[in-house]
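Here's the structure, in C-alpha cells; my notes come after.
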Amino acid sequence: MTTSGLTFSPIPLPPSANPKYFTEFGRKVDGFDPSQMTESQKQEIIDNLYKHSVLLFKNTKITPEQQYELTHSFDPAADTYGHGNNKTGNTKSSILHPDLKTIPRQPQVQLIGNGKVPGEYEGLDSPQLKHPHHKTFHKTPVSDEDEDKGITRFYRWHIDAALYNLSPPKVTSLWAVKVPQGHTQICRYDDGTGDELPVPLGTTAFVSGKNMFDILSPELQSLAVRTKVRYAPHPYVWMSKAHALPTGLGIENEGLELDLEELPEWEESKIKTFPVCWKNPVTGSLHIQVHPCGAHQLFIDPLPSDSTKENALYPDGAHITDLTKVREILYNLQRPGIAPELVYPQDWEEGDLVLFHNRGLLHSVVGAFTEDQLRMFHQCNLAASDDPIGPNDQDVKQYA
C-alpha cells in the first residue's frame, strides 16, 4: 500500500496474453473511493497510468461529476469532450454520431452502450443506445451463421481523438454501469494469418503502443521514428462511406473516401499532423500511436547524415500522398502489435472503472449484442491542451 492508501497490483491476464509483454502493462487499483479522492491519490493515479497504460478499479461507484474531475486531473487546462462538447454537432454524416449520448449536466461525459434505457436516466429520456457492429463498417463481415456461433471481429482499432482542430485526449475513463453477460466469443482476424482470440462478450480490447514499437525490426523502427501522419480534415466524415479491413486496423482501398470538397467547411490550419511515435511523459518510452483509418498522407524524414543507408526504408525521406501506399506502410508498422498474444481484452463487470492512457495504446470495441441486451457505460475524455510530443534527437539517433 502506498502512503495515500492505494494499492497497485498486476492486472489479471487471460490465458491468451503472453506475460512477457505485460510486465509493465496494466494495474489493478485497490483502496480508491472517488468521493474521498485526495490530491496525493490523484498524483499517484496519474503517475501509474503513464507507467502502466491501463488502471482497473473494481466495484466502483462514481458520479458523472467525479468521473469528470478524475479525468480532468490529467490535464487541468482541458475542458471540452474529446470530440467537442456537442459530440459531433450537426455532422450527422460522421461515423461517430450514433454512438454517443451526452449527459446534460456534465457534457464531457457520454452515455454509451446498447439497447433502450427504460425511463429517465441522468437527465436523458429513455435513451436508445447503439453498440457499434462490424457489419456496418467492415467490407466483408462474418456470416450470420458464424455470428450465431459466436464469431466476431475487432470493430475499429483507434485512439480517442477528433484528429482535426482538437488535440488527442491524454486519458479516457470508462465506467461500467450495466454489463450483459453472455458466452465467450471468438474474435477472428480473417486476414489469412489464422489469428483469432477468445474474448468476453463486449470486451474492450487494448494493445500497448510501446509493445507495438518495441517488437518491430530495426528497419521499421527507423521508419517509425522518422515518420509523421497527416490526417484528413473531418476524418470521420471523410471515411463515412469507406469500409474497414477485417482486422479493424485501417481502411480498404476502394476509393470511397469523400473528396475534400465534399466535406463540411475546413481550414488548413486545423488539420492535424502527428508523429507516428508519441513520447511517454513519465517513462520516456516511444509508443506507436496512429489512428490508421483517418491517415491521409505521410511525411518521412531522411536518415540522419551519419546513419548507414543499408537496408533502410526511404533513406532520403519522402512525402507520400498515395492512400494505398500510406495504408500499406502504417499496416506494416501496426499489424504485428495486435497479434493475439499482445492483446489485453478487458472482461467487464458492473462497477468496473478503467482509465487508459489514450496517448500510449490503441483500443477497439469488440463483439455484438442483441437488441434486448442492455449495456450502459459512462465515458469521459477531454480534448487536450497540447499536442503529443514525438521522438527527440536522441531517439532518432538511437533508432534511425
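Excluded from the calculations below are hydrogen atoms, water molecules and symmetry mates; all remaining heavy atoms, backbone and side chain alike, are included.
More than 12 heavy atoms of other residues, nucleotides or ligands shown are found within 6.0 angstrom of NZ on Lys135. A 6.0 Å sphere centred on CD of Glu145 holds no more than 12 heavy atoms belonging to other residues, nucleotides or ligands. By the 6.0 Å contact criterion, CD1 on Ile389 is open, its count of non-hydrogen atoms from other residues, nucleotides or ligands being 12 or less. Lys170 NZ: more than 12 foreign heavy atoms inside a 6.0 Å radius. Around atom NZ of Lys58, more than 12 heavy atoms belonging to other residues, nucleotides or ligands sit under 6.0 Å away.
Ionic pairing of Arg327 and Glu252 is not present here: no N-O contact between side-chain nitrogen and carboxylate oxygen is shorter than 4.0 angstrom. A salt bridge is defined here as a Lys NZ or Arg NE, NH1 or NH2 lying under 4.0 Å from an Asp or Glu carboxylate O, and Lys116 with Glu371 fails to meet this definition. Salt-bridge check for Glu122 with Arg105: passed, with a basic side-chain N closer than 4.0 Å to an acidic carboxylate O. Taking a cutoff of 4.0 Å between a charged side-chain nitrogen and a carboxylate oxygen, Asp191 and Arg335 qualify as a salt bridge. Taking 4.0 Å as the cut-off between side-chain N and carboxylate O, Asp316 and Lys309 count as a salt-bridged pair. We find that Lys20 and Asp214 are not joined by a salt bridge, their nearest charged nitrogen and carboxylate oxygen being 4.0 Å or further apart. In this structure, Glu69 pairs ionically with Lys42, as a charged nitrogen and a carboxylate oxygen lie closer than 4.0 Å. Salt-bridge formation is not detected for the pair Asp393/Lys397: no Lys NZ or Arg NE/NH1/NH2 atom is positioned less than 4.0 Å from an Asp or Glu carboxylate oxygen.
Side-chain contact between Val276 and Phe213 is absent, with no heavy-atom pair separated by less than 4.5 Å. In this structure, Ser16 and Val343 have side chains that are not in contact, with every pair of non-hydrogen atoms separated by 4.5 Å or more. Using a 4.5 Å heavy-atom threshold, the side chains of Thr203 and Tyr344 count as separate. Between Trp157 and Leu249 the shortest side-chain heavy-atom distance falls below 4.5 Å. When side chains are defined from C-beta on, Asn48 counts as touching Leu55, because their heavy atoms get closer than 4.5 Å. Taking 4.5 Å as the limit, some side-chain heavy atom of Ile45 sits within range of a side-chain heavy atom of Leu355. No side-chain heavy atom of Met37 sits under 4.5 Å from any side-chain heavy atom of Ile62. Counting heavy atoms from C-beta on, the side chains of Ser208 and Tyr21 never come closer than 4.5 Å.
Taking the six-membered ring where tryptophan is involved, the planes of Tyr68 and His72 are essentially parallel, since the angle between them stays under 30° and well short of 60°. Taking the six-membered ring where the residue is Trp, Phe57 and Phe32 present tilted rings, their angle falling between 30° and 60°.
Between the side chains of Thr370 and Gln373, at least one donor N or O lies within less than 3.5 Å of an accepting N or O. Between the side chains of Ser4 and Glu44, a donor-acceptor pair is found at a separation under 3.5 Å. A donor-acceptor pair shorter than 3.5 Å cannot be found between the side chains of Gln346 and Thr204. Side-chain contact check for Gln106 and Gln108: at least one donor-acceptor pair (N or O, by modelled atom type) lies under 3.5 Å. For the residue pair Arg359 and His287, no side-chain donor N or O sits within less than 3.5 Å of a side-chain acceptor on the partner. The closest side-chain donor-acceptor pair between Gln110 and His378, if any, does not fall under 3.5 angstrom. Side-chain contact, Tyr81 with Gln379: a donor N or O sits under 3.5 Å from an acceptor N or O. A donor-acceptor pair shorter than 3.5 Å cannot be found between the side chains of Gln297 and Thr321. Side-chain atoms of His133 and Glu147 include a donor-acceptor pair closer than 3.5 Å. Using modelled atom types and a 3.5 Å distance limit, the side chains of Asp160 and His363 yield a donor-acceptor pair.
Taken from NE2 in His357 to OG in Ser53, the straight-line distance is 7.0 Å, to the nearest 0.5 Å. For the atom pair CE of Met376 and NZ of Lys101, the computed distance is 12.5 Å after rounding to the nearest 0.5 Å. One finds the CG atom of Leu342 at 5.5 Å from the CG atom of Asn211 (value rounded to the nearest 0.5 Å).
The side-chain contact (heavy atoms from CB on, under 4.5 Å) search around Lys325 returns Tyr314, Ile320, Asp322, Glu328, Ile329, not counting sequence neighbours. Scored by the side-chain contact (heavy atoms from CB on, under 4.5 Å) test, Gln43 finds Ile46 as partners (sequence neighbours excluded). In this structure, His183 has no side-chain contact (heavy atoms from CB on, under 4.5 Å) partners at least two apart in sequence or on a different chain.
Pairs of residues two or more places apart, or lying in two chains, that qualify as salt bridge (Lys or Arg N to Asp or Glu O under 4.0 Å) and include a residue from residues 272-288 are Lys272-Asp387, Lys279-Asp395.
When atom types are taken as modelled, the side chain of Trp266 and the backbone of Leu263 share no donor-acceptor pair closer than 3.5 angstrom. The main-chain N or O of Thr23 is never found under 3.5 Å from a side-chain atom of His52 such that the two would form a donor-acceptor pair. Side-chain N or O atoms of Ser126 include none that pairs as donor or acceptor with a backbone N or O of Pro118 at under 3.5 Å. A distance-only check finds no donor-acceptor pair linking the side chain of Gln334 to the backbone of Tyr331 [under 3.5 Å]. In this structure, the side chain of Arg226 engages the main chain of Asp301 through a donor-acceptor pair within 3.5 Å. One N or O on the side chain of Gln67 and one on the backbone of Ser173 form a donor-acceptor pair closer than 3.5 Å. In terms of modelled atom types and a separation under 3.5 Å, the side chain of Asp30 and the main chain of Thr7 share no donor-acceptor contact. At distances below 3.5 Å, not a single donor-acceptor pair connects side-chain atoms of Glu196 with backbone N or O atoms of Pro340. Side-chain atoms of Glu120 come within 3.5 Å of backbone atoms of Gly123 as a donor-acceptor pair (strictly under, hydrogens ignored). Put simply, the side chain of Thr152 gets close to the backbone of Gly367: a donor and an acceptor are under 3.5 Å apart.
In this structure, Tyr236 is not a member of the same hydrophobic cluster as Leu256, with clusters built from ILVMFWY side-chain heavy atoms closer than 4.5 Å. Clustering ILVMFWY residues whenever any of their side-chain heavy atoms sit less than 4.5 angstrom apart, transitively, puts Leu201 in a cluster other than the one holding Val199.
Residues Phe369 and His131 bring their aromatic ring centres within 6.0 Å.
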Check step by step if ring pair (Phe, Tyr, Trp, His ring centres under 6.0 Å) holds for Phe206 and Phe25. CA-CA 10 Å; Phe206 297 98; Phe25 184 96; 7.2 Å; no
The test is side chain to side chain donor-acceptor pair (under 3.5 Å); show your working for Ser285 and Asn280 and say whether it passes. CA-CA 5 Å; Ser285 298; Asn280 188 304; 5.7 Å; no
Passes ring pair (Phe, Tyr, Trp, His ring centres under 6.0 Å), His296 versus Trp238? Steps please. CA-CA 10 Å; His296 192 231; Trp238 172 74; 5.5 Å; yes
Show your reasoning for whether ring pair (Phe, Tyr, Trp, His ring centres under 6.0 Å) applies to His234 and Tyr164. CA-CA 6 Å; His234 300 296; Tyr164 173 76; 4.4 Å; yes
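Grouped with Leu303 in a hydrophobic cluster is no other residue, since no side-chain heavy-atom contact under 4.5 Å to another Ile, Leu, Val, Met, Phe, Trp or Tyr is found. In the hydrophobic clustering, Ile151 connects to Val142, Ile186, either directly or through intervening members, whenever side-chain heavy atoms lie under 4.5 Å apart.
With a 6.0 Å cutoff to the six-membered ring centre and a 45° limit on the axis angle, Arg230 does not count as a cation-pi contact of Phe299.
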